[in-house]
Amino acid sequence: MYNSQVAGLFDEIADMLSLDERKDRKFEVLAYRKAAMTISSLQEDVGDIYRKKGMYGLMELPGVGKGISGAIREFIETGRMRKYEDLKKRYPIDFKNLTRIRGLGSKRAFRLYKELRIKSIDDLKRALAKHRIKELPGFGAKSESELSKGMETLELSRNRMALGLALPEAELLVNRLKGSGLVDRVAIAGSTRRMKETVGDLDILVTSSHNEKVMDFISRLNEVQGVTLKGPTKITVRLKIGLSCDVRVVDDASFGAALQYFTGNKDHNVKVRQIAVKKGYKLNEYGLFDRKNRNLAGPDEESVYKKLGMDIMDPEMREDRGEVELSLQHRLPRLVSLGDIRGDLHVHTNHSDGANTIIEMAEAAKKIGREYIGITDHTKSEYVAGGMDDKKFVKHLHEIDYANDKLDGIRILKSAEIDILKDGSLDLQDKTLDMMDYRLASIHTNLNMQKEEMTRRVVKAMESGYVDILAHPTDRIINVRNPINMDLDRVFQAAADSKVVLEIDGYPERLDLNDENIIKARGYKAKFSIDTDSHRDSHYMLMKYGISTAKRGWVTPDLVVNALPLDKLMKQFRK
DNA sequence: GCCGTTTTCGGCCCGACTGTTTTCAGTCG
C-alpha cells in the first residue's frame, strides 16, 4: 500500500514549499495538499492504479496532473522522490510528526529549527523540558504549555472515529442543547451529516441569541473533558469519548448558509463557491451576498443552492464526485431513501447468535412497516455464533413456516447466512439450501488468504448457483479489521454474471460494501440489498446507516432488491 | 502544480481564533 506513504511525502513537500517566501509558491503548496488529501482518502492503492492504468489512471485522480503523477510513478518504481529529497536537504526537519501537534504548523516548526535546531519530536520534548521555547521571539509561556499539551494528546486526537460511535454522541449533544432552552435551531453538520464511515470531529450548528450562555453550557456538559478554544461564535471542546467537537452559533438568517458551508466536504464547497463567484456573488457561512452585499440566501440550505441555479442534493452526495455539475444541469439522480425499503434480508434470531425469537423479530419488523424479512441464521462452521448443521436447519426452517402461519401482515422468508468455506464450497448440503426462499452467503473464517486464492474462493461460491446475496463482501470491521484481500473487479464481474446481489450491510461497524466499492460495483451493473444484519429487534433502526452508505455510493431505488414488492423480489431470486 | 460554462493562461475559497502583537501572522477547518 503506497497511499499513506505518498500522501505523507506530498504533505511534507507542501510544508517545505510553504516556507518559501515567493508568493507564487502558495498555490503549489495548495496543489500538493490537495493531492495528499485525495490519495490518503483513496480506497484503491495508487500502486495498483498505476500498474493497471498507468500514468493516465493516476491523472484521472482529482488534483493529480502531470507533475504529481510523475512523482508518484518515480516513488513506485524507485522508492524515492527527488523533489522531496532535494527539499529535505534544505529543511532536515520531521515535519510529518511535528506538524501533527495542534497549533504547530510548518512555519513555526521551521522557526524552532532555526533558533534551537529542533528537528524531531524528541528534540522538542527536550527543549520543552528545559523551558527554552518561551524565550523565543514570537513564542511565549502560553505557546510552551500548549505545545506540551498538544504533544500529550497527539496520538489520541488524530484517529478518526467510526460513524456508529460518533453519530449517537452527536445526537446526544444535540438533545442536550435542545433541552437547554438556550437555542432555537440545532443541526449536526460536517462529515457526520454526510454520514462518512469515520469522522475526525463533530460539527454542531445552533442559532441562539445567548451566545455566551450557550458557550458556557457546552463547556460544562458532562460529556466534555476540556475546552480547546472559545470565542463569541465558536467553541471547540474535547469530548470524553475521544473526539473534538466544534459548536458554532449563527443568526437565524445565516443558518441555511452555515449549514451548507459546514456540511462540506471541502472540495464540494470550493466548487459551489466558485459558482457563486462566477455569478458575481460571494458565498460564506453567513450567506450568499450580491454585489450590494444583500443576503440572497434564506434561513434554509435549499435557498442557497437554488439562488445558484442548482438543485439541492442529499448531504451524503456532497463529496465532489460529480454532484455539483449534475445539480447545475438539474440532472441529479433520485437516490434510495428509507421510505423505499420494504424488507430486510439479513436478520438473526436466537436460533444462532441473535437475541430474539423468529416471531419477535417478525413482529418488530412489521411494527416499523416492513413487508417481509429474511431470517439468516448462521451455519455450523460459525460454532461460536451458535451456527446450525443441516439437521437443525431443517427444523429451524419448519419453525419459520409455523411462524408464517401464525402471523399476518408480514412474510418471513427462509434463508441462512451460509459460511463460504476455505475452498469456496458452502456450509450446508444442497438439499437444505433447496428448501430456502433465497440464500445469503459470507466469509467468516480464514480471512488472511492470498489475493488470488481468496478471489477464487468467493467467485467459486457465487458461481455455484446457490448464492443469491453476498453478505458484507469485504468483511472489514471499521478501525478493527482490514478488508479481505481479493480482486473486487473480478468479484463484482462474477456477481453481475451470476446474478448475485451484493449486500450493503448497514451494521455500523461494517458498512460493507462501503461508498467507494458501491460506486465500483455499480460500474458492473450490480444490484444491492441494503440490510441491517440485525441481532436483536432494536437493530432494525440501523437501516439508516445502510441507506446513507448506499446514498454515498449514489444508489438509486431500481438497484435495490429489497425495495421490490415480495413477488418481484422472489423472481429476482430465481430458484 | 492543477485546471477549464472566463479553457492552454491566469487564475486558484474564506473566515474564526490565538498568541504575541500594537496591526497581524500562523494555524485550523
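Numbered from 1 within each chain, the chains take letters A, B, ... in sequence-line order.
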Taking all heavy atoms of A:Leu104 and all of A:Ala109, pick out the closest pair and write down the distance. CD1-N, 3.8 Å

For B:dG29 versus B:dT23, give the span between their P atoms, rounded off to a whole number of Å. 29 Å

Winner on side-chain proximity to A:Ile68, out of B:dC2, B:dT27, B:dG29, is B:dC2

Mind running a 4.0 Å heavy-atom check of residues 2-13 of chain A against DNA chain B and sending the residues that fall below it, in number order? none

Among B:dA16, B:dC2, B:dG29, which nucleotide sits nearest the side chain of A:Tyr261? B:dG29

Counting side-chain heavy atoms from CB outward, which of B:dC14, B:dC2, B:dA16 is closest to A:Lys66? B:dC2

Of all the nucleotides listed (B:dG29, B:dC17, B:dG19), which has the minimum atom distance to the side chain of A:Lys234? B:dC17

A:Lys282 has a side chain; which of B:dG29, B:dC17, B:dC14 sits nearest to it? B:dC14

From B:dC12, B:dG1, B:dG29, nucleotide with atom closest to A:Tyr32 side chain: B:dG1

Measure from the side-chain heavy atoms of A:Lys107 and tell me the nearest of B:dT27, B:dG15, B:dG1. B:dT27

With a 4.0 Å cut-off on N to O distance, would you call A:Asp475 and A:Arg510 a salt bridge? yes

Go through the side-chain N and O atoms of A:Tyr91 and A:Glu12 and say whether any donor and acceptor fall under 3.5 Å apart. no

For the C1' atoms, the ones on B:dT20 and on B:dA25, what distance do you get once it is rounded to whole angstrom? 10 Å

Could you please name the partner base of B:dC24, counting Watson-Crick and G-U wobble pairs only when both distances are under 3.5 Å? B:dG19

Less than 4.0 angstrom from a charged side-chain N to a carboxylate O is my criterion; do A:Glu28 and A:Lys83 meet it? yes

Under 6.0 Å from the six-membered ring centre of A:Tyr113 and within 45° of its axis: does the NZ or CZ of A:Arg117 meet both? yes

Say whether A:Asp489 and A:Tyr524, considering side chains only, have a donor N or O and an acceptor N or O under 3.5 Å apart. yes

Identify which nucleotide among B:dT20, B:dC14, B:dG1 has an atom closest to any side-chain atom of A:Asn284, counting heavy atoms from C-beta outward. B:dC14

Any donor and acceptor pair, going by atom type alone, linking the side chain of A:Ser120 with main-chain N or O of A:Asp123 inside 3.5 Å? yes

Using atom P of each nucleotide, how far apart are B:dT21 and B:dT27 to the nearest Å? 15 Å

Of all the nucleotides listed (B:dG1, B:dG26, B:dG15), which has the minimum atom distance to the side chain of A:Arg108? B:dG26

Of B:dC28, B:dA16, B:dT6, the nucleotide closest to the side chain of A:Lys278 is B:dT6

I'd like the P distance from B:dC28 over to B:dT22, given in whole Å. 23 Å

Suppose you measure atom C1' in B:dT8 against the same atom in B:dC2; what distance do you get, rounded to whole Å? 12 Å

Please measure how far the C1' atom in B:dC12 lies from the corresponding atom in B:dT6, and state the result in whole Å. 13 Å

